[in-house]
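Counting starts at 1 for both ligands and their atoms, following the listed order.
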Amino acid sequence: MPRFAANLSFLFTERPFRERFAAASAAGFRAVEILFPYDHAAETVAGQLAASKLELALFNLPPGDWAAGERGLAALPSRAAEFRASVDRALGYAQATRTTRLHALAGLAAPGDKAAVSAYRDALAYACERAGPLGVDVLIEPINGRDMPGYFLDSFERAAELIEAMRLPNLRLQFDIYHRQILRGDVIRGLEALMPLIGHVQVASVPDRREPGSGELDDAAAFAALDRLGYQGFVGCEYHPSGRSEDGLGWFAPYRAEQIADSR
Ligand SMILES: O=C(O)C(=O)CO
């Protein structure tokens, strides 16, 4: 049974940030994700995790100026120094919170732009080299252009080719079932083919990015496939609740007791 991680930047946002941890734990989650923890001291985040007996499954490297529309730095040649500094900052948070997965957002750039391709490879090599000795994996995630127009990494094929070509032991694929269905479909065959590269999975319904099981896909069948394939990582719940977060957790009920038992 997959271990689910509530993304606290999407779920339980009815509450202030610090109260979301206890709410996730009370709902039965034993792990969480956060898009960007940087508005809070690493020690504060670590304290909230410990108080609620939660693991932090994943967070993102700083994305640049998110409010101004930036969506990552890794593929932006002019931002290489900032990207490198952002890796060090994120690794400080990872150590404080014992997180072993960091998602490196690529940024907005044309996929065929040679300078962007080269900057992306250099950035990922740097991040993996810094993260490896700390036991941290660096994740790259294909993101659909409807949610993120102009995003550089908008193809599962290119992501897989890059990971295979770079041969870095801690460079892994973030397979978001929601983005996969929009970009490519064929979710279960995709999980089967890409499983050796996958370091993290996320889920939301398609097309509305809401609770699993409420859209066009049989998400429970995808979760069963993850079990069948021996996936040991987390499934991040990165969806917008259709009402109060707790009220939309019916999909989670069949998995809840096992999350709690597994963490004992
Ligand atoms: O938008 C997404 O899917 C992300 O995971 C951003 O980090």
Side-chain angles (χ1 to χ4, degrees), residues 2 4-13 17 20 31-39 45 56-76 83 86-87 89-90 93-94 97 99-109 120 123-124 127 131 136-156 158-159 163 171-185 187 190-191 194 197-212 215 217 219 222 233-241:
F4 292 97
N7 189 310
L8 298 186
S9 308
F10 282 67
L11 270 66
F12 305 108
T13 56
F17 179 74
R20 295 177 198 167
V32 293
E33 310 174 338
I34 302 170
L35 282 184
F36 310 109
Y38 310 105
D39 286 345
V45 180
L56 183 54
L58 168 103
F59 63 91
N60 293 349
L61 295 184
D65 188 346
W66 186 268
E70 292 188 334
R71 293 294 180 265
L73 303 171
L76 308 185
F83 176 82
S86 85
V87 170
R89 185 166 185 218
Y93 274 78
T97 57
T99 307
T100 59
R101 293 171 205 80
L102 291 178
H103 171 210
L105 281 153
L108 307 183
Y120 194 47
L124 295 175
V136 174
D137 284 349
V138 175
L139 285 295
I140 60 171
E141 179 189 37
I143 294 182
N144 80 78
R146 202 158 70 205
D147 285 74
M148 233 178 245
Y151 190 67
F152 175 74
L153 190 62
D154 62 354
S155 150
F156 277 78
R158 273 198 300 123
I163 292 170
L171 180 62
R172 316 274 294 159
L173 179 67
Q174 186 164 318
F175 188 116
D176 188 326
I177 291 170
Y178 167 78
H179 292 306
R180 169 76 189 196
Q181 172 68 358
I182 294 171
L183 281 170
R184 184 71 167 69
V187 170
L191 288 170
L194 297 171
L197 308 182
I198 294 176
H200 191 60
V201 173
Q202 292 176 319
V203 69
S205 76
V206 182
D208 291 331
R209 206 169 199 180
R210 295 214 181 270
E211 284 82 357
L217 279 184
D219 292 302
F234 289 97
V235 177
C237 303
E238 199 181 44
Y239 63 82
H240 298 291

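Atoms of ligand 1 lying under 4.0 Å from at least one heavy atom of His103, given by number and element, are 7 (O). Within ligand 1, counting atoms from 1 as listed, the ones closer than 4.0 Å to a heavy atom of Asp176 are 3 (O).
Scanning the protein for heavy atoms near atom 1 (O) of ligand 1, the closest one is Arg209 NH2, 3.6 Å. Nearest protein heavy-atom neighbour of atom 3 (O) of ligand 1: His179 NE2, 2.6 Å.
Salt-bridge formation is not detected for the pair Glu33/Arg101: no Lys NZ or Arg NE/NH1/NH2 atom is positioned less than 4.0 Å from an Asp or Glu carboxylate oxygen. With respect to the salt-bridge test (charged N to carboxylate O, under 4.0 angstrom), the residues Arg146 and Asp154 do not qualify.
Closest approach of Met148 and Trp66 over heavy atoms only: CE-CH2, 4.0 Å.
Of all the heavy atoms of Asp147, none lies under 4.0 Å from any atom of ligand 1, so neither backbone nor side chain is involved. With a heavy-atom cut-off of 4.0 Å, His200 does not touch ligand 1 at all.
Side-chain N/O atoms of Tyr178 and Asp147 include a donor and acceptor closer than 3.5 Å.
For Phe234 and His200, the ring centers are positioned 6.0 Å apart or more. Aromatic pair Tyr120/Phe152: ring centres closer than 6.0 Å.
Between the choices Asn60, Leu58, Asn144, the shortest heavy-atom distance to atom 6 (C) of ligand 1 belongs to Asn60.
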